[in-house]
Undergrad: 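Structure below; questions to follow.
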Amino acid sequence: MQQPHRYDHTAVEQRAQRAWREADVFATPDDATDPTYVLGMFPYPSGELHMGHVRNYTITDAFARFERMQGNEVLHPMGWDAFGLPAENAAIERETNPREWTLECIERMRGQLHDLGFGYDWRREVTTCDPGYYRWNQWLFKHLYENGLVDRREATVNWCPSCETVLADEQVEGEDEHCWRCGTLVEQRDLDQWFLRITEYAEELLEGIDDLDEWPANVREMQRNWIGRQDGATVEFVIEGEPVEVFTTRLDTVVGATFFALAPGHSLTSTLVADDPELGSEIDDLKARIDSSAEDEEKRGVFTGAYAKNPATGEEIPVYVADFVLADVGTGALMGVPGHDERDHEFAEKYDIEIRQVIAPEREAGNGDGENADSDGDGANGIEDTDGIDVNDAAFTADGVLVNSGEYSGLDSASAREQLIADIESAAAHTQYRLRDWLISRQRYWGTPIPMVECPDCGYVPIPDERLPVTLPEFVPTTGNPLEADEVKSWRETDCPDCGGSARRETDTMDTFVDSSWYYLRYISPDLDELPFDTERASDWMPVDHYVGGIEHAVLHLLYSRFVTRALSDLDMLSVEEPFEHYLAQGMVQLDGETMSKSTGNVVSPQRIVDEYGADTARLFILSAAQPETAFDWTEEGVESSHGFLARLHGVIGTIADGKGGIDDADNTAGSDARDGADTGDVHEYVEREIDATIVSATEEYEDFRFNRAVREIRSLVGLLAQYRDYADSDRAIVERGLVTVVKALGPIAPHLCEELWDRLDGEGLLAEAAWPTPNEDTDGYDRERRLIENTREDVRHIVDVAGIDDPEHVEIVVAPAWKHRALEIALGADAEENVIGAIMANEEIRAQGDAAAEYGQDLAAERRSLSPALSAGREEATLRRATWLIEREFDATVTVRAGDDAEEDTASNAKPGRPAIDIEA
RNA sequence: GCGAGGGUGGCCGAGCCAGGUCAAAGGCGGCGGGCUUAAGACCCGCUCACGUAGGUGUUCAUGCGUUCGAAUCGCAUCCCUCGCACCA
């Protein structure tokens, strides 16, 4: 129709952004009371925002804006995970230094975040490479140290040869063990390193998962797996007079232990082979095999010549050193039970070790599973009561009933375990975790210096708080650790805080995951000088209410953060134990089904989209393409469709606001156009109710982060408003209310355009600060009304189609008579045993309907269990009346709605509550 | 191997937790109509089968089962995705 106003997104965006900035809309005052804390994982400043970031921050921004409009105080900050190895490489490549490079990247990305219209409280911005931030990493380290949660010890650790640094276990991925950052295969090295003792919290962290009911199930499961709790027992086997402890989850099989195995790295191993050089070199071979990332190769072992005394039987069993025994699992030694452990079985077969059955399947009545019951059970090796199992073929690994175990025979596995713990002197119940301590040393420059000095006299001494931060010296481009370079010798040389003698600074820096393990606390009081965060305020504002970010951090960042939060809580720094109440793992952004990634080159540049279509289009497309947690494909068509919608909305509101639009003057008087049956008042009410219904459902969708559904609701309201505006007697006030609703409800998603349109519609103040729309009327039952209208319209179409009516003249819609509604109510209220027909016929008015009543009663009785309540006859009639204009427009026919009681008998008899009778005249 | 999550109409994807209002939302693609000189954009319908009055039949991986009633609950099987894995 009218010339659409040109939609100059760049101008619109700049205007809106300036307005927000000037009004300081997104600031969270320090005296806020428990604001809604909405947080996206802060980015590593690589220099360029990618679509994953855009998706992440669009989600948090839309939600934060929604919360603000709901009248809640909101904390929505942003910062930079600014330390990390890539900056060192980039600095060397570009002949600059990591600091400058990083700050430039931050500058650029901050600009991009601005351009996208994300509303952050920039006064709370944190940058982890800033000494004002990382001094608190050092402070935290020191306080953990003082509380016994820091350890320096020699260990076999993961070394990435490409990054030239060690890595924590969590940062090594996959079966092939590659570096999480660069993908290089890691190696093992024995080094003295700093650890945070996260294992102290293993049980707490595990139990805490149960309460994280707003986390995705898979993330919770991944954390459970990672912590890997195992309940079992420790028990000692004596080897040449030396007790050696093993851990086992199957103490019930101890009688079946026919060999003993040590890890090549076990301390006893070297003792046992000390005076046998040949044996020693064989074991060195084994060690070498383990180091060379042993795939699923055959297990190998070496018999040491020694014997271990089985604590349950007193039997002497051979001691092997075996490559499948890992030094860092359990105690680095194990009892071999070939009959009931697949791995031990394989080993025993190879070295011809006795395989003994001590567990039989529990016989249950009706266990018809013949699988093991009839497999040549008579070939059994003279052992009775083995229930047909032959452990020579394969280990039987399930729990069962003990056999061949002397006094323990007949006990079930669980009871046997308890009994054995009680009976064997050296045995004790023990719980073991797979979780390892968090190795935080990094042999890199661009990280937080670990605030320790090594004094020849006092050993390692922490640097006192008042001398923090330990700042980084100038960057020296070099291979290896730049902090070990000659050029920074003067930085390394220092004095001992304890004795004042000359000492050497620790040259390892911290894992950058330390930085991110508490940054969400620093936002709460970013300028505080005395402490990392204000305890009182943090206890009020925490936990983060909604945390959004990639699932790749399921066991890294998210686990470390949980640990640090608990540790801080135990230091009385914080009164919450879990940092993130609701965690939303956003899905991938894909292109042609492939994850967008720089390495493969299939990326869409956010910058290009913003330039070409505008930030609002990008945001709208991203949020309408899929639910936040599922992956979606980026498509140009989708982007264009989103852009088209915004441009149309812009056009529609432009024409209306300018008063030259397609609607009549607001004060037109209705009724002159005497359409049969369609009272214009009903039409208006219909639209009003649809506006209300849209508000209610959009609100619900927002609350659940289902922006895609909210968008659908809003778009369909726009469609309705367009139809209504074309309707001859539309009411300008209602159109405006509809548009205001659309603008408000879409505001969190496409904030710039909506801010502009809000202004055009003469909205007061800024949309970003406006109140969320509320329905005019109680929307109870609107669902049923919508369904009734939709069903009825579909039925009309259906009839027209199936009956082949070319040009319907008149549509008569007849609501079921009141007595049928009453009958339905009675049927619904009837007790299960009650006779429905009887109950209905007890009503005099219904009984008066004679055969019709009996017939309908039978219908009700037949369907009694699937009956659902309907609108009252009067409401049904009113609802349909409000919708007649839609049918009139669609078929260009007149439409009448009648109450069943006033209509002709024939027609009315077809009507049921919720299902009006329809009569169409051609 | 262990664990978790899944398998829905041509495709994508809701529904499943709280069984009936589900032939099953929405989008895409396809078809028809409107608008238009035409195309595009946009708007309105249709899109499992049969059917000249809103009907009937057969569907939600497969097979059993529970129930008056199952896409939804249970069991088994097959397949897919992800995580962990020589873990004692």
Undergrad: Residues two or more places apart in sequence or in another chain: which of them pass side chain to side chain contact (heavy atoms under 4.5 Å, CB included) with Glu825(A)?
TA: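 None.
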Undergrad: Tell me whether Tyr583(A) contacts the main-chain N or O of Gly549(A) through its side chain, where contact means a donor paired with an acceptor under 3.5 Å.
TA: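 Confirmed, Tyr583(A) side chain pairs with Gly549(A) backbone.
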Undergrad: Given atom CG of Leu326(A) and atom P of rC84(B), what is their separation to the nearest angstrom?
TA: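 Atom-to-atom, Leu326(A) to rC84(B), this comes out as 17 Å.
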Undergrad: Evaluate the criterion side chain to side chain donor-acceptor pair (under 3.5 Å) for residue pair Glu713(A) and Ser697(A); output intermediate values, then yes/no.
TA: CA-CA 7 Å; Glu713(A) 285 288 338; Ser697(A) 73; 3.2 Å; yes
Undergrad: Please determine whether a side-chain nitrogen or oxygen atom of Arg343(A) lies at a distance below 4.0 Å from atom OP1 or OP2 of rC87(B).
TA: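 Indeed, a polar side-chain atom of Arg343(A) lies that close.
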Undergrad: Answer with base, sugar-phosphate or nothing: what part of the nucleic acid does Pro916(A) contact at a heavy-atom distance below 4.0 Å?
TA: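 If one applies the 4.0 Å heavy-atom cut-off, Pro916(A) turns out to touch a base.
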Undergrad: Need the pair for rG63(B). Rule: Watson-Crick or G-U wobble, both distances under 3.5 Å, any strand; none if unpaired.
TA: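 Check on rG63(B): paired to rC75(B), both distances under 3.5 Å.
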Undergrad: Applying a 4.0 Å non-hydrogen cut-off, can you work out what Gly330(A) is touching in the nucleic acid: base, sugar-phosphate, or nothing?
TA: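 Gly330(A): base contact, heavy atoms under 4.0 Å.
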Undergrad: Would you measure the distance from the P atom in rA23(B) across to the matching atom in rC60(B) and give it in whole Å?
TA: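 After rounding to an integer number of Å, I get 13 Å for this pair.
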Undergrad: For Tyr320(A), enumerate each residue passing the ring pair (Phe, Tyr, Trp, His ring centres under 6.0 Å) test, keeping only those at least two apart in sequence or located in another chain.
TA: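 Applying ring pair (Phe, Tyr, Trp, His ring centres under 6.0 Å) to Tyr320(A) gives Phe303(A), Phe347(A), Tyr351(A).
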Undergrad: Rounding to a whole Å, what distance do you find between Asp323(A):CG and rC87(B):P?
TA: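 It works out to 13 Å between those atoms.
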Undergrad: Across all strands, who's sitting opposite rU56(B) as a Watson-Crick or G-U wobble pair, both distances under 3.5 Å?
TA: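 Check on rU56(B): paired to rA49(B), both distances under 3.5 Å.
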Undergrad: Is the closest basic N to carboxylate O distance between Lys820(A) and Asp859(A) below 4.0 Å?
TA: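 Asp859(A) and Lys820(A): not salt-bridged.
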Undergrad: Now, which nucleotide makes the Watson-Crick or G-U wobble pair with rC86(B), with each of the two distances under 3.5 Å?
TA: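 Because no pair has both required distances under 3.5 Å, rC86(B) counts as unpaired.
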Undergrad: Take atom CZ of Phe324(A) and atom C1' of rA85(B), then tell me their distance rounded to the nearest Å.
TA: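 Nearest whole value for this atom pair: 15 Å.
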Undergrad: Using a 3.5 Å cut-off and no angle test, enumerate the donor-acceptor pairs between side-chain atoms of residues 915-922 of chain A and protein atoms at least two apart in sequence or in another chain.
TA:
from, atom 1, to, atom 2, distance (Å)
Arg915(A), NE, Asp795(A), OD2, 2.9
Arg915(A), NH2, Asp795(A), OD1, 2.9
Arg915(A), NH2, Asp795(A), OD2, 2.7

Undergrad: Expressed as a whole number of Å, how far does the C1' atom of rA70(B) sit from that of rA61(B)?
TA: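 Result for the C1' pair: 16 Å, nearest Å.
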Undergrad: Under 4.0 Å between a side-chain nitrogen and a carboxylate oxygen: does that hold for Glu700(A) and Arg709(A)?
TA: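 Looking at Arg709(A) together with Glu700(A), the answer is no, because their closest N to O distance does not fall below 4.0 Å.
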Undergrad: Report yes if at least one side-chain N or O of Arg434(A) is closer than 4.0 Å to OP1 or OP2 of rA85(B); otherwise report no.
TA: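 For rA85(B), OP1 or OP2 has a side-chain N or O of Arg434(A) closer than 4.0 Å.
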Undergrad: Of all the heavy-atom pairs spanning Leu717(A) and Gly738(A), show the shortest one and how long it is.
TA: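 Looking at all heavy atoms of both residues, the shortest contact is CD2-O, 4.2 Å.
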Undergrad: Under 4.0 Å, heavy atoms only, any strand: does Arg786(A) hit a base, just the sugar-phosphate, or nothing?
TA: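 Nothing, no heavy atom under 4.0 Å.
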Undergrad: Regarding Arg220(A), tell me which of base, sugar-phosphate or nothing describes its non-hydrogen contacts under 4.0 Å with the strands shown.
TA: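 Since no nucleic acid heavy atom lies under 4.0 Å of Arg220(A), the category is nothing.
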Undergrad: Closest nucleotide of RNA chain B for Gly719(A) versus for Ala327(A): which of these residues is on the 5' side?
TA: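 Residue closer to the 5' terminus by nearest nucleotide: Gly719(A).
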Undergrad: Measure from the side-chain N and O atoms of Thr331(A) to the backbone N and O of Glu245(A), and report whether any donor-acceptor pair falls under 3.5 Å.
TA: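 Pair found, side chain donor or acceptor close to backbone of Glu245(A).
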Undergrad: Can you check the distance between rU66(B) and rG74(B), where both ends of the measurement are the C1' atom (answer in whole Å)?
TA: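 Going atom to atom, C1' in each nucleotide, I get 7 Å.
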Undergrad: State which of rG55(B), rG45(B), rG5(B) makes the closest approach to the side chain of Arg915(A).
TA: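 Nearest listed nucleotide: rG55(B).
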Undergrad: Using the C1' atom on both, measure rU47(B) against rC82(B) and round to a whole Å.
TA: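 It comes out at 35 Å once rounded to the nearest Å.
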Undergrad: Go through the side-chain N and O atoms of His821(A) and Glu876(A) and say whether any donor and acceptor fall under 3.5 Å apart.
TA: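 Glu876(A) and His821(A) do have a side-chain donor-acceptor pair below 3.5 Å.
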Undergrad: Using only atom types and a distance under 3.5 Å, with no angle test, would you say the side chain of Asp323(A) pairs donor to acceptor with the backbone of Arg300(A)?
TA: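 Yes: the side chain of Asp323(A) pairs with the backbone of Arg300(A).
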Undergrad: Nearest to the side chain of Asp919(A), which nucleotide is it out of rA14(B), rA53(B), rA4(B)?
TA: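 Given the options rA14(B), rA53(B), rA4(B), the side chain of Asp919(A) is closest to rA53(B).
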Undergrad: Below 4.0 angstrom, which residues in residues 221-228 of chain A have at least one non-hydrogen atom near RNA chain B?
TA: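 Hits under 4.0 Å, by residue number: Glu221(A), Met222(A), Asn225(A).
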Undergrad: Nearest nucleotide by nearest heavy atom, which residue falls closer to the 5' end of RNA chain B, Gln432(A) or Asn218(A)?
TA: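 Residue closer to the 5' terminus by nearest nucleotide: Asn218(A).
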Undergrad: Hey, is the main chain of Thr199(A) close enough, under 3.5 Å, to the side chain of Asp437(A) for a donor-acceptor pair?
TA: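 Confirmed, Asp437(A) side chain pairs with Thr199(A) backbone.
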Undergrad: Would a distance-only check, ignoring hydrogens and angles, find a side-chain to backbone donor-acceptor pair under 3.5 Å from Arg436(A) to Tyr433(A)?
TA: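 Yes, Arg436(A) side chain to Tyr433(A) backbone: donor-acceptor pair under 3.5 Å.
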Undergrad: Given atom CZ of Phe247(A) and atom P of rC86(B), what is their separation to the nearest angstrom?
TA: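 About 16 Å, once rounded to whole Å.
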Undergrad: To the nearest Å, give me how far apart CZ (Arg793(A)) and P (rG45(B)) are.
TA: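 Distance check: Arg793(A) CZ to rG45(B) P gives 6 Å.
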Undergrad: If I take atom CZ in residue Arg706(A) and atom P in nucleotide rG27(B), what distance separates them, rounded to the nearest angstrom?
TA: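 In whole Å, rG27(B) P and Arg706(A) CZ are 17 Å from each other.
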Undergrad: So which nucleotide does rC16(B) pair with, by the Watson-Crick or G-U wobble rule with both distances under 3.5 Å?
TA: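 When the pairing criteria are applied, nothing turns out to pair with rC16(B), so the answer is none.
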Undergrad: Taking atom C1' of rC44(B) as reference, at what distance in whole Å does atom CG of Asp801(A) sit?
TA: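 After rounding, the reported distance stands at 14 Å.
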Undergrad: Does Arg250(A) CZ have over 12 foreign heavy atoms under 6.0 Å away?
TA: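 Yes.
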Undergrad: At under 4.0 Å between heavy atoms, how does the protein contact nucleotides 21-26 of chain B? Give one character per nucleotide, 5' to 3', with B, S or -.
TA: B---BS
Undergrad: So which nucleotide from rA88(B), rC43(B), rG54(B) ends up closest to the side chain of Ile918(A)?
TA: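 Ranking rA88(B), rC43(B), rG54(B) by closest atom to the Ile918(A) side chain puts rG54(B) first.
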Undergrad: Determine the Euclidean distance between corresponding C1' atoms of rG13(B) and rG19(B); express it in Å to zero decimal places.
TA: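 Nearest-Å result for rG19(B) against rG13(B) at atom C1': 23 Å.
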Undergrad: Between protein and nucleic acid, restricted to nucleotides 31-34 of chain B and to nitrogen or oxygen atoms under 3.5 Å apart, what atom pairs and distances do you find?
TA:
none

Undergrad: Regarding Ala722(A), tell me which of base, sugar-phosphate or nothing describes its non-hydrogen contacts under 4.0 Å with the strands shown.
TA: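 Here Ala722(A) touches no strand at all.
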Undergrad: Could you check whether Ile920(A) gets within reach of a base, just the sugar-phosphate, or nothing at all, counting any heavy atom under 4.0 Å?
TA: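 Base, at least one base heavy atom under 4.0 Å.
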Undergrad: Say you pick atom C1' in rA71(B) and the same atom in rC16(B); how far apart are they, in whole Å?
TA: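 Their C1' atoms lie roughly 7 Å apart.
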Undergrad: rA88(B) and rA18(B): how far apart are their P atoms, nearest whole angstrom?
TA: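 About 34 Å, rounded to a whole number of Å.
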Undergrad: Scan side-chain atoms only and decide if Ser624(A) and Asn708(A) contain a donor-acceptor pair under the 3.5 Å cut-off.
TA: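 There is no such pair between these side chains.
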Undergrad: Lys299(A) pairs by salt bridge (Lys or Arg N to Asp or Glu O under 4.0 Å) with which of Glu346(A), Glu342(A), Glu349(A)?
TA: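 Running salt bridge (Lys or Arg N to Asp or Glu O under 4.0 Å) over Glu346(A), Glu342(A), Glu349(A) with Lys299(A) returns exactly one hit, Glu346(A).
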Undergrad: Provide the Watson-Crick or G-U wobble partner of rG10(B), both distances under 3.5 Å; none if there is no partner.
TA: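 Per the H-bond distance test, rC28(B).
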Undergrad: Closest to the Lys299(A) side chain: rG54(B), rC42(B), rC86(B)?
TA: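 The answer is rC86(B), which lies nearest to the side chain.
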Undergrad: Please pick, from rC43(B), rC68(B), rA88(B), the nucleotide with the shortest atom-to-atom distance to any side-chain atom of Arg865(A).
TA: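 Comparing rC43(B), rC68(B), rA88(B) against the side chain of Arg865(A), the answer is rC68(B).
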Undergrad: Starting at CG of Asp210(A) and ending at P of rA4(B), how long is that distance when rounded to a whole Å?
TA: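 So the two atoms are 14 Å apart, to the nearest Å.
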Undergrad: With C1' as the reference atom in both, quote the distance from rA53(B) to rC80(B) in angstrom, rounded to an integer.
TA: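 Nearest-Å result for rA53(B) against rC80(B) at atom C1': 46 Å.
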Undergrad: Using a cut-off of 4.0 Å on non-hydrogen atoms, how would the nucleic acid contact of Asp328(A) be classed: base, sugar-phosphate, or nothing?
TA: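 The answer is nothing, as Asp328(A) stays clear of every strand by at least 4.0 Å.
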Undergrad: Between rG45(B), rA53(B), rG54(B), spot the one nearest the side chain of Arg797(A), thanks.
TA: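 Ranking rG45(B), rA53(B), rG54(B) by closest atom to the Arg797(A) side chain puts rG45(B) first.
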